[in-house]
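Below is one structure, written out as structure tokens; comments come after it.
Sequential numbering from 1 along the given sequence is applied to the chain's residues. Values below: every heavy atom of this structure, side chains too, minus hydrogens, waters and symmetry copies.
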Amino acid sequence: SHTDEFNDYLRKLPKGNDGAIRLVMHRMKSESIRMNTDTYNLIMEKVCDMPGAYCYEVYEDFRRNTVPSIAQPNVQTFRSLFRACERNGHIERVFQYYSHMRAIAGLRADTSFYNDL
């Protein structure tokens with residue numbers, strides 16, 4: 001599928017190449033190619049160490065523009081978000097996203113998750 005092809009391309013991109021990542025996201029949307037959980041997680045993983053709000057913007061897009069049967073945030077989604085919060089010094093956001101993780105996604109953190117924090 002086209003989604004898988006774009007996901008393979010995203011896997012090959014180096015972390016922090018936000019220009020290429022933004023182009024991929026724009027192209028997928030402009031061509032009506034569905035972004036699935038892997039797509040969003042790959043994008044967030046590539047940008048979570050960068051300064052700024054792009055990782056948060058991708059998550060908000062994920063929440064607003066996906067069909068639950070096709071894409072839902074998972075533990076990897078929140079690991080990337082928490083890493084972005086830590087890298088950007090937005091510790092208060094961790095609590096907001098932790099609430100999302102529990103309430104919206106119905107996920108529970110395990111020991112390995114807390115160790116990553």
Given M25 and V58, is the side-chain contact (heavy atoms from CB on, under 4.5 Å) satisfied, shown in steps?
-> CA-CA 9 Å; M25 205 167 162; V58 173; 4.2 Å; yes
side-chain contact (heavy atoms from CB on, under 4.5 Å) assessment of Y54 paired with K46 = CA-CA 10 Å; Y54 189 51; K46 300 292 184 177; over 6 Å; no
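Between I43 atom CD1 and F62 atom CZ the span is 10.0 Å, to the nearest 0.5 Å. Rounded to the nearest 0.5 Å, atoms CZ (R79) and CG (L81) are 12.5 Å apart. For the atom pair L10 CG and I21 CD1, the distance stands at 7.0 Å (nearest 0.5 Å). The distance from atom CG of L23 to atom OG of S30, rounded to the nearest 0.5 Å, is 10.0 Å. For the atom pair CD of E45 and OG of S80, the computed distance is 6.0 Å after rounding to the nearest 0.5 Å. Atom SG of residue C48 and atom OH of residue Y56 lie 10.0 Å apart, to the nearest 0.5 angstrom.
Here the closest heavy-atom approach between residue C85 and residue V94 is recorded as CB-CG2, 3.5 Å. Taking all atoms of both residues into account, the shortest heavy-atom contact from E31 to R27 is OE2-NE, 2.7 Å.
Screening residues 48-58 for salt bridge (Lys or Arg N to Asp or Glu O under 4.0 Å), with sequence neighbours left out, gives K15-D49, D49-R83, D49-R87.
For R11, the CZ atom sits in a packed shell: over 12 heavy atoms of surrounding residues, nucleotides or ligands are nearer than 6.0 Å. For R34, the CZ atom counts as loosely surrounded, since its 6.0 Å shell holds 12 or fewer non-hydrogen atoms of other residues, nucleotides or ligands.
Under the 3.5 Å distance criterion, the side-chain polar atoms of N36 are matched with a main-chain donor or acceptor of D38. At distances below 3.5 Å, not a single donor-acceptor pair connects side-chain atoms of N17 with backbone N or O atoms of L13. Looking at T37, its side chain does come within 3.5 Å of a backbone N or O of Q72 through a donor-acceptor pair.
Taking the charged nitrogens against the carboxylate oxygens, K29 and D61 do have a contact shorter than 4.0 Å, which makes a salt bridge.
Using a 4.5 Å cut-off between side-chain heavy atoms of Ile, Leu, Val, Met, Phe, Trp and Tyr, with links allowed through other members, Y9 and L42 fall into the same hydrophobic cluster.
Under the ring pair (Phe, Tyr, Trp, His ring centres under 6.0 Å) test applied with F78, the options Y98, Y97, Y59 reduce to a single match, Y59.
The side chain to side chain contact (heavy atoms under 4.5 Å, CB included) test applied to M28 returns T3, F6, V24, I33, M35, T39, not counting sequence neighbours.
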